[in-house]
Amino acid sequence: MSAMLEVRDLHVAYGQVEAVRGVSFTLDEGHISSIIGPNGAGKTTLLASLMGLLPPARGEVLFDGVDVAKADVETRLDLGLCLVPEQRELFGDMSVLDNLVLGSYIRKPSSSQLRQLLDETYARFPRLAERRNQRADTLSGGERQMLALSRALMSRPRLLMLDEPSLGLAPLIVQSILAEIGHLRSAGLSVLLVEQNARAALRVSSEGHVIEGGSITHSGPSDQLMNDDQVRRAYLGGE
Ligand code: ATP
């Protein structure tokens with residue numbers, strides 16, 4: 001089986017400064033891969049580039065074998081790529097419901113399909129059902145992350161990319177969001193997860209990649225990375 005996503009020698013620069021330097025990895029359908037690494041390692045830049053928000057200086061991004069490295073965001077959304085950015089980027093002055101409906105826009109669902117997508121969302125996060133008419137900018141941090149994740153799922157993605165979903169959230173909420181990401185995988189979704197919370201990320205992942213200074217320094221099955229002395233010392237608190 002060929003990989004759903006194959007990144008080959010990807011380079012992304014801000015002017016003269018190269019933030020991603022020759023990154024290569026693959027992600028199989030139905031897998032969760034984590035990208036872990038220190039601040040400024042290039043994780044956000046990598047995801048932004050995979051979504052089409054930043055053009056690569058060179059390299060290939062194969063999605064189902066087709067090179068999308070030069071494709072625009074809308075084309076990638078159509079193909080089933082979707083990014084939940086670190087800042088969540090919700091429409092603050094709109095309701096929870098309207099944010100969700102906007103998430104489905106790219107698929108142009110019929111009203112019964114839209115109903116079904118909303119029912120699935122509310123079953124997944126009952127909190128969002130209770131707050132469907134509330135403005136997004138009045139939600140708590142955890143509720144915002146639930147909404148950002150749900151809005152992305154309304155576009156029926158095949159590959160969901162999440163930038164720091166646990167950022168600023170209480171540990172209990174992090175557990176429930178990551179558990180939900182684990183469930184999505186069993187429903188066939190593939191996930192690329194960027195996380196500072198390396199241990200929690202590796203627990204829900206099939207494999208992981210450590211990125212430092214724009215390059216991947218370690219890759220492997222998650223349990224292998226969790227047992228790697230160097231990775232443990234640097235990213236897992238050495239336990
Ligand atoms: P963090 O975990 O802190 O979010 P990160 O691994 O996501 O870090 P990036 O945000 O991708 O790292 O940043 C990688 C490098 O690119 C950093 O050195 C950063 O300063 C630089 N960088 C990021 N955005 C820009 C920009 N718009 N212009 C210039 N340099 C940038």
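Start at 1 and go down the list; that is how both ligands and their atoms are numbered. Just so you know, residue 1 is the first one in the sequence shown, and it goes up from there.
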**Request:** In sequence, state the C-alpha distance, the side-chain angles, and the governing distance for D163 and K43, and then conclude on salt bridge (charged side-chain N to carboxylate O under 4.0 Å, His left out).
**Result:** CA-CA 8 Å; D163 196 354; K43 304 182 297 297; over 6 Å; no
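- Proximity annotation for atom 13 (O) of ligand 1: of V20, V194, T45, I36, T45 comes nearest, heavy atoms only.
- For the pair S24 and I216, the minimum side-chain heavy-atom distance is 4.5 Å or more.
- Heavy-atom proximity to Q196, at under 4.0 Å, picks out these atoms of ligand 1: 2 (O).
- Close approach to A19 involves these atoms of ligand 1, each under 4.0 Å from a residue heavy atom: 14 (C), 15 (C), 16 (O).
- With respect to D229 and R233, no salt bridge is recorded, no charged nitrogen being found less than 4.0 Å from a carboxylate O.
- The P38 neighbourhood of ligand 1 comprises atoms 6 (O), with distances under 4.0 Å to a heavy atom of that residue.
- Using a non-hydrogen distance threshold of 4.0 Å, A48 does not register as a contact of ligand 1.
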**Request:** Applying salt bridge (charged side-chain N to carboxylate O under 4.0 Å, His left out), run through E195 and R203 and close with a yes or a no.
**Result:** CA-CA 12 Å; E195 259 299 338; R203 277 207 194 106; over 6 Å; no
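- For atom 31 (C) of ligand 1, the nearest protein heavy atom lies closer than 4.0 Å.
- Of the possible donor and acceptor atoms, one in the side chain of R76 sits under 3.5 Å from a partner among the backbone N and O of A69.
- Taking all heavy atoms of V17, T44, N39 into account, the minimum distance to atom 7 (O) of ligand 1 is reached by T44.
- A distance-only check finds a donor-acceptor pair linking the side chain of T121 to the backbone of L117 [under 3.5 Å].
- Near E164, meaning under 4.0 Å from one of its heavy atoms, ligand 1 places the atoms 2 (O).
- Heavy-atom contacts of A41 reach the following atoms of ligand 1: 5 (P), 6 (O), 12 (O) (cutoff under 4.0 Å).
- Closest protein heavy atom to atom 22 (N) of ligand 1: Y14 CE1, 3.3 Å.
- Residue contacts with ligand 1 leave out G37, since none of its heavy atoms falls under 4.0 Å from the ligand.
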